[in-house]
*Asks:* 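This is the structure I want to talk about, given as structure tokens.
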Amino acid sequence: MKLMFIGADHEVTGSCHYVEACGKRFIVDYGMEQGLNVYENVDLPVNAGNLDFILLTHAHIDHSGLIPLLYAKGFRGKIYATRATTDLCEIMLQDSAHIQEFEAEWKNRKARRSGKPEVVPIYTMDDAVNVMQYFVPCPYGRQIEVADGITIKFTDIGHLLGSSSIEVWLREADVEKKLVFSGDIGNFNQPLIKDPSYTREADYVIMESTYGDRYHGKHQDYVTELTDVIQRTFDRGGNVVIPSFAVGRTQELLYYIRQIKAEDRIKNHGDFKVVVDSPLAVEATKIFNMNIDETYDEEAMELVKQGINPITFSNLHLSITTEESKEINFETEPMVIISASGMCEAGRIRHHLKHNLWRSENTIIFVGYQAYGTLGRSLIEGAKEVKLFGEAIKVAADIVQLEGLSGHADKNGLLKWVNSFEKKPEEVFVVHGEDAVCEAFTSCLKDEYKFKARAPYSGDVFDLIAGEWTEWGSRERIQKKPKQSSAYIRLLTASERLKSVIEHNEGGTNKDLGKFADQIIALCDKWER
């Protein structure tokens, strides 16, 4: 039995862990990196086609976003996730593919004009659509045998609709070890979804540490804070622009704004307009409404019982088409614009920032974590000018961050979760946090709470039976290197898939294998330079 750390090690995004046990090879999450990449992630130690299955904690792109790439490389195993996560991935992975294809086309229009090489997306819409057939929707709280000797269970972790921690029992001969992957641990008292549940037993714990060095403070009155910002912005004739994660945070904002409108808190601006400019957010809101019984908390369910939809209200506009999105920035009446992505790294929010950042009457509200190296992080840290679509934009709008409005547990929440184990695990592996945060939280666990803990790096390998480290990854920070063209990266992806297909044909007839080999040789002869 071995556990290998691949992604989100001393970094916040790109989560991935690899396990070999019971004759099987599987990963937990395969997320996309967002923002500045600090450490180089090692490659998976096997070809995608040789992975037996995937366990997915939740649908956020930094945990799920590279699963279609695995499909493009030949993966055809099962993907175990909760029902709501499966529903969300169907729209989120397609949205990710659309963004990549759209941005590739935009770059290629410029490339063609300047005579530069064209780029290709790392995966296509077809990959995102086709991989969904391999998802296996699972209920919370039920043990599921996924292979001989391997049993799993999903527990509601309260971070996002459908989010989970995953318990994994591994049995080889007379040895059994239990792993718990925390996923992203949820914050308390979030609207709509339930608070995180706890796990009581584990041999090894792999836990996130996103907010492992900070506290959200006492529960704040977000309705009042949001009311104050909207009121003063509208009074000076400006727009309130909210970069928001399309799934989770957008629905929470709608929950708060419904209450603001129901209680008539905004004065002198009538039934003000609210626009959700994100096709993904619109679809995600439908999925929230489809998963009420299993995931809504008591307060949301009470509204439902009264016949009130907690995330809709009058003068709410859902912008779907590109034309509808463009029209928003030509309207003159003050409004609230909610648009993705939450860290301002892609999507329609960048257009709204281009039109609104330079106007002093506007306010930009950040309501979620901003990873190091993202545009959102630059803005909350006081950037005076940013570049959008090749154009320098002055930052004159008010920049506001609603502290504590987060889907992640703070340090207290993380400590409460890890201290819920009735017996201390053999070791706690701290991941999914910025470099200094991982180390600080690990030190806290060791020094103050007497856990055996370590913050591993990508490439580190741990023997789960012997209880010892067997390999070490690099500790070197990334040095800037010449970028490979996206077409070349696509070619490398195709080569991995070819290798996987070759391995799957082992045991075929000599005639078929000879024919296959001749075709490959002919292809090599054609392209050899």
*Asks:* Mark yes when over 12 heavy atoms from residues, nucleotides or ligands other than E381 sit less than 6.0 Å from its CD; otherwise mark no.
*Replies:* yes
*Asks:* When the side chains of residues 44-55 are checked against the rest of the protein, which donor-acceptor pairs come out under 3.5 Å, sequence neighbours left out?
*Replies:*
unit_1 : atom_1 : unit_2 : atom_2 : d
N50    : ND2    : E503   : OE1    : 2.4
D52    : OD2    : R25    : N      : 2.8

*Asks:* A quick test of your reading: do over 12 heavy atoms of other residues, nucleotides or ligands sit less than 6.0 Å from CZ of R142?
*Replies:* no
*Asks:* Does the plane of the ring in H408 sit parallel, tilted or perpendicular to the ring in H159? Use 30° and 60° as the thresholds.
*Replies:* tilted
*Asks:* For the NZ atom on K411, are there more than 12 heavy atoms of other groups (residues, nucleotides or ligands in this structure) within a distance under 6.0 Å?
*Replies:* yes
*Asks:* Decide, yes or no, whether a salt bridge links D127 with K73 under the criterion of side-chain N to carboxylate O below 4.0 Å.
*Replies:* no
*Asks:* Are the charged groups of E40 and R477 less than 4.0 angstrom apart, N to O?
*Replies:* no
*Asks:* Might you work through the side chain to side chain donor-acceptor pair (under 3.5 Å) test for Y39 and D435, ending with a clear yes or no?
*Replies:* CA-CA 9 Å; Y39 293 96; D435 199 3; 2.7 Å; yes
*Asks:* Between R76 (side chain) and Y71 (backbone), is there a donor-acceptor pair under 3.5 Å?
*Replies:* yes
*Asks:* Should we count CD of E506 as having more than 12 external heavy atoms under 6.0 Å?
*Replies:* no
*Asks:* Taking everything shown except D148 itself, do over 12 heavy atoms lie less than 6.0 Å from its CG?
*Replies:* no
*Asks:* Could you check whether any side-chain heavy atom of P310 comes within less than 4.5 Å of a side-chain heavy atom of L192, counting everything from C-beta outward?
*Replies:* yes
*Asks:* On the 0 to 90° scale, with breaks at 30° and 60°, tag the F421-W417 ring pair as parallel, tilted or perpendicular.
*Replies:* perpendicular
*Asks:* One pair to check against side chain to side chain donor-acceptor pair (under 3.5 Å): T374 and Q34. What are the steps and the verdict?
*Replies:* CA-CA 8 Å; T374 61; Q34 298 167 309; over 6 Å; no
*Asks:* Is a donor on one side and an acceptor on the other found under 3.5 Å between the side chain of T85 and the backbone of G162?
*Replies:* yes
*Asks:* Is there a donor-acceptor contact under 3.5 Å from the side chain of N505 to the main chain of V501?
*Replies:* yes
*Asks:* From T250 OG1 over to I311 CD1, what is the distance, rounded to the nearest 0.5 angstrom?
*Replies:* 10.0 Å
*Asks:* Going by side chain to side chain donor-acceptor pair (under 3.5 Å), name the residues that satisfy it together with T285, two or more places apart in sequence or in a different chain.
*Replies:* Q251
*Asks:* Flag yes if more than 12 heavy atoms outside K424 fall under 6.0 Å of its NZ atom; otherwise flag no.
*Replies:* yes
*Asks:* In this structure, are over 12 heavy atoms from other groups packed under 6.0 Å from E176 atom CD?
*Replies:* yes
*Asks:* Taking the side chain from E448 and the backbone from C444, do they hold a donor-acceptor pair closer than 3.5 Å?
*Replies:* no
*Asks:* Distance-only, no hydrogens or angles: does the S182 side chain make a donor-acceptor pair with backbone N or O of E208 under 3.5 Å?
*Replies:* yes
*Asks:* Could you tell me whether the side chain of S420 and the main chain of Y198 form a donor-acceptor pair under 3.5 Å?
*Replies:* no
*Asks:* Check F462, Y457, F429 against F5 for a ring-ring contact (aromatic ring centres under 6.0 Å, His included) and give me the one that passes.
*Replies:* F429
*Asks:* Are Y30 and H63 close enough that their ring centres sit under 6.0 Å apart?
*Replies:* no
*Asks:* Would you confirm whether D463, through its side chain, and I465, through its main-chain N or O, come within 3.5 Å as a donor-acceptor pair?
*Replies:* yes
